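Working notes for the structure below.
As a basis for the values below, the full set of heavy atoms in this structure was taken, side chains included, without hydrogen atoms, waters or symmetry mates. Note that the coordinates shown come from a computational prediction; the quantities given were computed from them, not determined experimentally.
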Amino acid sequence: MEHQPTMGPEDVARIGRWHESAYRSAQVDTDQTFDYLGRIFVVPPHVHPITPVSHLLGQAVLDEVTETDRVLDMGTGCGVNGVLAASRSGDVTAVDTNPHALAAAPNATGSATASTSTAATCSATSPACST
């Protein structure tokens, strides 16, 4: 069976323009520091920042992840959800295609380790991410 899109090309283009506009408006030239759900996150310029709606997913991670869960944080960005998950579970993997994002994720917890790989693992006992 062939995929049948539910949106027309005009809607796809309109949503694409909106997304790119929102992304550009969130870009800055310097690091941003966020105090978020009890943790400090430093987000460099080339990494998507924490937004006003980020708390919805972040709070859900804190509410739902248990110590026996295995967590995969796809598109980790600055690492916020991976770090929050690691505060509950000892088996968290965060991945991102943006090497700037992976370098920022360990810094979210105060670790000096920066990663340019495509995956980082977060520990519950020491929620710093490392490769």
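- With D96 contributing its side chain and T76 its backbone, the two residues share a donor-acceptor pair below 3.5 Å.
- M74 contributes atom CE, which lies 9.0 Å from atom OG1 of T97 (distance to the nearest 0.5 angstrom).
- P45 places none of its side-chain heavy atoms less than 4.5 Å from the side chain of H100.
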| task | May I have the step-by-step check of side chain to side chain contact (heavy atoms under 4.5 Å, CB included) for L62 and S87, ending in yes or no? | result | CA-CA 8 Å; L62 290 173; S87 73; 3.7 Å; yes
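- The closest donor-acceptor contact from the side chain of S89 to the backbone of D69 lies under 3.5 Å.
- By the 30° and 60° cut-offs, the orientation of the rings of Y36 relative to F41 is perpendicular.
- Side-chain contacts under 4.5 Å among hydrophobic residues (ILVMFWY), followed directly or transitively, place M7 together with V12, I15.
- Using a 4.5 Å cut-off on side-chain heavy atoms (C-beta onward), V95 and L72 make contact.
- Looking at L37 and R39, their side chains never come closer than 4.5 Å, going by heavy atoms from C-beta outward.
- Residue I40 holds its CD1 atom at 4.0 Å from CG of D35, rounded to the nearest 0.5 Å.
- With L84 as reference, V61 is the one residue of D73, V61, V71, L57 to meet the side-chain contact (heavy atoms from CB on, under 4.5 Å) rule.
- Between the CD1 atom of I50 and the CD atom of Q32 there is a distance of 9.0 Å, given to the nearest 0.5 Å.
- For the atom pair F34 CZ and S54 OG, the distance stands at 8.0 Å (nearest 0.5 Å).
- Other residues sharing the hydrophobic cluster of V53, ordered by chain and number and joined by side-chain separations under 4.5 Å: L56.
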